[in-house]
Every structure is written in C-alpha cells, then in structure tokens.
Amino acid sequence: MTRASLTLLLALASGCFTGRVKDESPWDLALADTLEVGKSTRADVLRILGAPTEIVRLRPGEAYVYEHKVSKRSAFFALILATHRDDTQRDAVVVVTDEKGVVSAVGRRANAEKASFGTPWGD
Amino acid sequence: MGRLSPRTTVALVALALLGSGCTLSFVKTIEGDPTAARRARTLAPGATLAQVLSDLGAPDVLVALGADARSTEPARTRLYYVHHVLSETRFTLFGIIPVGGTTLNPTVFIHRFGGETLELARLDFDARGILVEPQYALIPISRADYSVAVDNRLAETFYEDRDRSLFVRDRARRARGDDEDDEDDSDDEPRR
C-alpha cells in the first residue's frame with residue numbers, strides 16, 4: 001500500500017465534530033438583582049423573570065426555579081481511536097417566597113458560559 | 001505462499017480490527033461546578049436559607065420534603081450542590097450483521113476502565129428556613145472493579161431526589177406543550 005493511499009485512507013477514516021445543546025431559553029441574570037428580599041412579591045417575580053422552569057411547593061411558601069443549561073460536546077475519531085468530551089453548565093435563579101407571597105430568598109448562578117470544548121485530558 | 005512481512009502482518013491485523021468494528025475511546029463528561037459544593041462544607045447549622053442562597057447561589061436541585069399538608073413528615077427544603085466528573089477509557093467490539101438491505105451493529109464486547117467522582121453538598125432547611133443538616137461528600141467510584149470507596153447512601157438519595165425533580169419538571173413541560181428540542185438558535189435572544 002503506497003503512502004499516498006494510506007494517507008488518503010487515514011484522512012477518509014478520520015473526523016471530528018463539535019456541538020452545543022441548549023436547554024431552556026437564556027435570560028438576563030441581572031434582572032434577578034432587581035428583586036428585593038422582604039419587599040418584592042410573587043407578582044414582581046413573574047413580571048420581571050417571566051414563567052419559571054419549575055415551581056416547587058414548600059411548606060410554607062414556594063420556590064420559583066429558572067434554569068438555562070448549556071452542553072458543549074467535542075469529539076475526534078481516527079480509524080479505531082476516538083475521543084469524546086461533554087461539558088454541561090447552568091445559569092439558574094431560585095426565588096423563594098413566604099406564605100404571604102413576599103420574596104424571602106434569592107439565589108443566582110451564572111456558569112453556562114463556563115462550559116467549554118476540549119479533550120478528555122483537559123480540565 | 002511465502003511468509004508475510006511484519007508490515008503486511010500489521011496491516012492485515014489492523015484491517016481485520018477495522019472490519020470487525022472496534023473502537024478505543026477516551027471519554028470525559030463534566031457536569032456542574034465544584035465551587036459551591038466545596039464552599040458548602042464550611043456551613044454550620046443555623047444559617048438561613050436566604051444567606052445560603054445569597055452566598056452559594058442557586059442550587060442544582062431543590063426539593064420539598066413533607067410539603068404535602070397531609071404528610072406527617074416535618075416540612076423541609078432540601079438543596080443539592082453537585083459536581084460530577086466521569087473519565088474513562090472504553091474498548092468496544094461490535095459485530096457487523098447484514099440484514100436485508102441494512103446492517104446491524106450490535107456490541108459484542110465492551111470493557112471500561114476509569115473512574116468518576118461525585119462531589120455533592122446536601123443542605124436541609126426546616127420550615128423556618130434554618131439550616132439543620134448540612135452534609136458533604138466526595139465520592140470516587142472506580143469503574144475497573146465497580147468498587148465504591150465510601151458510603152454511597154448520600155449519593156443514592158441525591159439520585160432519587162433529582163429523578164423526582166426532573167419528573168415533575170418534564171410533566172410541567174409537557175403540560176405547557178413545549179417542544180423537547182430546544183436547539184433553535186432563535187432562542188438565543190434574552191427573554192427581556
């Protein structure tokens with residue numbers, strides 16, 4: 001088998017791909033900073049942040065969960081060797097209201113942009 | 001037929017492996033960030049839900065325990081902060097079976113070795129929003145011999161709570177009539 005044929009075979013039998021999967025729509029995380037603990041109400045939460053991903057009924061009160069997830073996938077394959085990496089990170093906001101519908105706690109996380117492509121040997 | 005040269009022998013073996021269908025793959029999956037889970041280790045009972053959410057941010061999973069008015073279990077709010085890393089090498093051998101006009105590729109052999117690490121903090125708050133039971137675990141799992149180095153009951157409870165949370169979320173999504181595929185780039189625009 002000539003070197004040119006072997007090179008062509010290797011080129012045809014190799015490949016790579018990268019992909020990105022997003023779950024739920026992103027939103028402006030800074031909007032969560034406008035909520036005030038002890039003052040903002042349930043109606044303010046829905047007006048500012050919109051419909052939540054999930055509502056958890058607490059006793060007492062409720063928790064409104066907003067989440068946006070990003071998965072970045074990268075793979076490389078050559079003949080019988082293959083590498084695959086999948087990195088999933090989230091943006092999330094959790095707003096807890098008391099039995100009167102007043103915001104009692106707010107937590108936010110901005111990690112979606114930290115998801116990265118790469119190799120299985122990287123961080 | 002004379003003896004095969006070493007180069008020809010190697011080429012034939014390689015072609016045989018290619019033809020039979022085998023792959024040696026290196027896989028790594030990462031989910032979550034370890035920062036919040038590690039900072040949760042410093043928490044002591046008495047911290048409030050508002051303080052914890054402000055300091056650590058939104059949790060990965062939030063579940064309500066005993067929230068049903070008919071429940072006799074004390075009402076609790078449970079937060080999980082999770083970081084999961086899977087790193088393994090897989091050798092897979094699969095057959096090629098022509099069936100009619102198509103081809104089946106069943107896996108006939110697979111060997112994995114590597115490990116995964118589950119780092120999680122579980123925080124339980126009472127009805128007043130006071131932290132009553134902080135727990136932290138770093139659980140390494142070896143894939144080579146399927147051994148679990150530490151007590152994994154904390155991990156099992158986490159998987160149960162997460163499955164329950166995801167089930168509720170999927171049910172709500174189906175009720176809204178949302179599509180499963182959210183890869184439409186038009187969703188890149190912020191909501192507001």
Side-chain angles (χ1 to χ4, degrees), chain A residues 1 6 13 20-28 31 37 48-51 53-61 63 65-67 71 75 77 79-96 98 104-111 114-116 118-123, chain B residues 7 11 14 17-18 21-33 35-36 48-60 62-64 66-69 71 75-77 79 84 86-90 127 129 165 168-169 172-173 176 178 182-185 187-192:
Chain A
M1 181 179 286
L6 192 60
R20 183 169 55 181
V21 177
K22 295 182 180 179
D23 190 20
E24 297 286 347
S25 301
W27 68 92
D28 187 358
L31 292 174
V37 173
I48 294 171
L49 297 178
T53 306
E54 180 185 8
I55 299 176
V56 181
R57 307 290 179 187
L58 307 176
R59 194 161 59 131
V65 180
Y66 297 82
E67 186 176 270
S71 295
F77 45 91
L79 295 177
I80 64 171
L81 294 177
T83 68
H84 178 86
R85 175 190 162 100
D86 189 332
D87 189 357
T88 302
Q89 302 294 334
R90 304 160 56 246
D91 285 345
V93 172
V94 169
V95 182
V96 179
D98 60 18
S104 59
V106 179
R108 53 171 275 187
R109 173 192 298 191
N111 284 346
K114 294 182 181 179
S116 62
T119 65
W121 304 282
D123 290 332
Chain B
R7 186 186 296 182
L17 287 174
L18 281 173
C22 77
T23 59
L24 181 64
S25 52
F26 304 92
V27 177
K28 185 169 188 175
T29 62
I30 302 169
E31 185 169 359
D33 185 81
T35 307
T48 67
L49 180 60
Q51 291 171 340
V52 171
L53 285 180
S54 177
D55 291 343
L56 303 185
D60 292 278
L62 186 153
V63 292
D68 190 334
S71 173
R76 284 194 173 187
T77 302
L79 309 184
H84 180 247
L86 169 73
S87 183
E88 65 179 16
T89 302
R90 300 174 189 165
S165 173
V168 170
R169 189 177 300 186
R173 186 181 290 182
R176 291 200 309 261
D178 286 356
D182 287 324
E183 293 189 51
D184 186 353
D185 285 341
D187 287 342
D188 280 355
E189 290 299 317
R191 292 179 184 174
R192 292 176 186 271

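The chains referred to below are lettered A, B, ... by the order of the sequence lines, with proteins before strands, and numbering in each begins at 1.
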Inset, instruction - Taking the side chain as every heavy atom from C-beta outward, state whether A/Val94 and B/Pro59 have any atom pair closer than 4.5 Å. - result: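 In contact.
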Legend entry - Atom pair CD (A/Gln89) and CD (B/Glu31), whose distance is rounded to the nearest 0.5 Å: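 Interatomic distance, A/Gln89 CD to B/Glu31 CD, rounded to 0.5 Å: 8.5 Å.
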Legend entry - Interatomic spacing from CD1 in B/Ile30 to NZ in A/Lys114 - rounded to 0.5 Å: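 These two atoms lie 13.0 Å from each other.
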Inset, instruction - Return the option, out of A/Val93, A/Val37, A/Thr83, with the maximum number of heavy-atom pairs under 4.5 Å with chain B. - result: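 Highest number of pairs under 4.5 Å: A/Thr83.
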Taking all heavy atoms of [X] and all of [Y], pick out the closest pair and write down the distance.
| X | Y | answer |
| --- | --- | --- |
| A/Glu67 | B/Asp60 | OE1-O, 4.4 Å |
| A/Arg59 | B/Ala75 | O-CB, 3.5 Å |
| B/Ala127 | A/Pro60 | O-CD, 3.5 Å |
| A/Ser104 | B/Ala50 | O-CB, 3.4 Å |

Legend entry - Side-chain donor or acceptor of A/Arg85 paired with backbone N/O of B/Lys28 under 3.5 Å: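 Judged by distance alone, no pair lies under 3.5 Å.
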Inset, instruction - Check salt bridge (Lys or Arg N to Asp or Glu O under 4.0 Å) between B/Asp33 and all other residues, then give those that pass, not counting sequence neighbours. - result: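 Testing B/Asp33 for salt bridge (Lys or Arg N to Asp or Glu O under 4.0 Å), a comparison that skips the adjacent residues, returns none.
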Legend entry - Counterpart residues, side-chain contact (heavy atoms from CB on, under 4.5 Å), relative to A/Ala63 (two or more places apart):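 So A/Ala63 forms a side-chain contact (heavy atoms from CB on, under 4.5 Å) with A/Val56, A/Leu58, A/Val96, B/Leu62.
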